**Q** 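Sharing a structure, written as structure tokens. Questions coming.
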Amino acid sequence: MSTKVVYQLDDKGYLVGEALAHESPLEAGVYHLPAGTVETPPPALSANQAARWAGASWHTVPDHRGEAWFDERGEPVEILDCGDPEELGLTRSFTPPSPTTDELLQELGTIRKSVEAQGVPITLASGEQDEVDSDDKAQAKLLSILTQIDKGLRPDPSTFKFKSNVSRKITNADMLRIVQAVLAHVQACFEAEGDVQRQIRSGALDTKEALKPAFDFALKQEIG
């Protein structure tokens, strides 16, 4: 009893490989085909092609299964079925659109806000060094303390908590030094933001990746 090669199909008719058909022990030359197989040899296939049985003959179709293509939003889509992904509106690669001026300015504002809130190093009259919070909440607190000093309402010295969570008795003179340092840091951040804004509007900066280095450089120039 002999065998011959036949061709196995999946449930969608795509070629998945070869199989063996066994000759009937009762009828010479008659072969029992396994389920889902055909006798006709498939065509030669090149890269990214699959063969599909169309009932009487083979058809070749694009095969990008397992590849990642991209939709119109730039989201990756894994190709699971044969066919042309372009017919589904997918592209082989995705280049994000250039950000608008407003998007760049918004991103720059976020960078400025983050750097502004990082804190400010301080050296007290005693030579002690620490760091002071500089976010919006801290700025409001410092301005309140400044008002108390101006009105003579703050005991001299008074306890103040630093960013390190260390509390110290701070004189009003040191407190004024702290307020001035924080305000100078905040103003430098705004000046740096303004400088980079001008570069954005002139077209010199047109990517989000370039904003942080440009801001850091401008801030360094402001601080001197």
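The structure presented is a predicted model; accordingly, all values stated were derived computationally and were not measured.
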**Q** I need the minimum non-hydrogen distance between Tyr31 and Ser2, along with the two atoms involved.
**A** OH-OG, 2.9 Å
**Q** To the nearest 0.5 angstrom, please state how far the CH2 atom of Trp69 sits from the CG atom of Asp84.
**A** 6.5 Å
**Q** Under 4.5 Å between any side-chain heavy atoms of Ile170 and Arg154, yes or no?
**A** yes
**Q** Begin with the C-alpha distance, continue with both residues' side-chain angles, and end with the deciding distance and a verdict on side-chain contact (heavy atoms from CB on, under 4.5 Å) for Met175 and Leu142.
**A** CA-CA 9 Å; Met175 200 69 243; Leu142 290 173; 3.6 Å; yes
**Q** Taking Val132's backbone N and O only, do any of them form a donor-acceptor pair with Asp130's side chain (distance below 3.5 Å, no angle check)?
**A** no
**Q** For the pair Asp216 and Lys220, find out whether any cationic side-chain nitrogen is under 4.0 Å from an anionic carboxylate oxygen.
**A** no
**Q** Do Arg168 and Asp174 pass the salt bridge (charged side-chain N to carboxylate O under 4.0 Å, His left out) test, and can you show the C-alpha distance, the side-chain angles, and the key distance before you say yes or no?
**A** CA-CA 11 Å; Arg168 294 189 178 93; Asp174 268 340; over 6 Å; no
**Q** I want to check something: taking the side chain as every heavy atom from C-beta on, are Leu90 and Ile79 in contact at a cut-off of under 4.5 Å?
**A** yes
**Q** Just checking Lys4: does its NZ atom have more than 12 heavy atoms from other residues, nucleotides or ligands closer to it than 6.0 angstrom?
**A** yes
**Q** Measure from the side-chain N and O atoms of Gln129 to the backbone N and O of Thr123, and report whether any donor-acceptor pair falls under 3.5 Å.
**A** no
**Q** What distance separates Lys208 NZ from Thr110 OG1, expressed to the nearest 0.5 Å?
**A** 9.0 Å
**Q** Does Val120 share a hydrophobic cluster with Phe190, counting links as ILVMFWY side-chain heavy atoms below 4.5 Å and allowing steps through other members?
**A** yes
**Q** Would you sort out whether Asp81 and Tyr14 count as a side-chain contact (heavy atoms from CB on, under 4.5 Å), showing the intermediate values?
**A** CA-CA 10 Å; Asp81 296 315; Tyr14 290 106; over 6 Å; no
**Q** Any side-chain to backbone donor/acceptor pair from Asp156 onto Asn172? Under 3.5 Å, distance only.
**A** yes
**Q** Taking Leu143 as the starting point, is it possible to reach Leu176 by hopping between hydrophobic residues whose side chains are less than 4.5 Å apart?
**A** yes
**Q** Using a strict 4.0 Å threshold on nitrogen-to-oxygen distance, state whether Lys137 and Asp135 make a salt bridge.
**A** no
**Q** Answer whether the closest heavy-atom distance between the side chains of Pro34 and Val6 falls below 4.5 Å.
**A** yes
**Q** Do the non-hydrogen side-chain atoms of Leu20 and Val5 ever get within less than 4.5 Å of each other?
**A** yes
**Q** If we ignore hydrogens and angles and just use 3.5 Å, is the side chain of Glu116 paired with the main-chain N or O of His185 as donor and acceptor?
**A** no
**Q** If you measure from the Lys or Arg side-chain nitrogens to the Asp or Glu carboxylate oxygens, is any gap between Asp136 and Lys113 under 4.0 Å?
**A** yes
**Q** Return yes if some donor-acceptor pair links the side-chain N/O of Asn48 with the main-chain N/O of Asp63 below 3.5 Å, else return no.
**A** yes
**Q** Just by modelled atom types, is the Thr40 backbone N or O under 3.5 Å from a matching donor or acceptor in the Trp53 side chain?
**A** no
**Q** Honestly curious: do Val186 and Leu219 fall in one hydrophobic cluster under the side-chain, below-4.5 Å linking rule?
**A** no
**Q** Whether the side chain of Arg52 engages the backbone of Lys12 through a donor-acceptor N/O pair (distance < 3.5 Å, no angle test) should be reported.
**A** yes
**Q** Is the shortest side-chain heavy-atom distance between Val38 and Trp58 below 4.5 Å?
**A** yes
**Q** Distance from Cys82 atom SG to His59 atom NE2, nearest 0.5 Å?
**A** 14.5 Å
**Q** Just wondering, are more than 12 heavy atoms of other shown residues or ligands nearer than 6.0 Å to CZ in Phe217?
**A** no
**Q** Working to the nearest 0.5 Å, report the span between NE2 of His32 and CD of Glu27.
**A** 7.0 Å
**Q** Could you state the interatomic distance from CD (Glu78) to NE2 (His64), rounded to the nearest 0.5 Å?
**A** 14.0 Å
**Q** For residues Asp133 and Lys161, determine if any side-chain heavy atom of one lies less than 4.5 Å from a side-chain heavy atom of the other.
**A** no
**Q** Is there a side-chain contact (heavy atoms from CB on, under 4.5 Å) between Leu108 and Leu104? Walk through the geometry before answering.
**A** CA-CA 6 Å; Leu108 175 61; Leu104 291 171; over 6 Å; no
**Q** Assigning hydrophobic clusters by single linkage (Ile, Leu, Val, Met, Phe, Trp, Tyr; side-chain heavy-atom cutoff under 4.5 Å), is Leu15 placed with Val61?
**A** no
**Q** Shortest non-hydrogen contact from Phe94 to Pro97?
**A** CZ-CD, 4.2 Å
**Q** Between Glu193 and Phe215, does a side-chain contact (heavy atoms from CB on, under 4.5 Å) hold up when you go through it step by step?
**A** CA-CA 7 Å; Glu193 182 181 23; Phe215 180 88; 4.2 Å; yes
**Q** Salt bridge between Arg92 and Glu67, side-chain N to carboxylate O under 4.0 Å?
**A** yes
**Q** Say you draw a straight line from OG1 of Thr3 to NE2 of His22; how long is it, rounded to the nearest 0.5 Å?
**A** 6.5 Å
**Q** Does any N or O in the side chain of Gln139 come within less than 3.5 Å of the main-chain N or O of Ser134, such that one atom is a donor and the other an acceptor?
**A** yes
**Q** For a quick test of reading the model, state the closest non-hydrogen atom pair linking Leu205 to Ala210 and the distance between them.
**A** CD2-CB, 3.8 Å
**Q** Which heavy-atom pair separates Arg112 from Cys189 by the least distance, and what is that distance?
**A** CG-O, 3.5 Å
**Q** Would you mind reporting whether Glu18 and Tyr7 have side-chain heavy atoms less than 4.5 Å apart?
**A** yes
**Q** For the hydrophobic clusters of this structure (ILVMFWY residues joined by side-chain heavy atoms under 4.5 Å, transitively), does one cluster hold both Ile149 and Leu124?
**A** yes
**Q** Check the side chains of Gln199 and Asp195 for a donor-acceptor pair under 3.5 angstrom, ignoring hydrogens and angles.
**A** yes
**Q** Looking only at heavy atoms, which two atoms of Arg65 and Ala50 are closest? And how far apart?
**A** NH2-CB, 4.2 Å
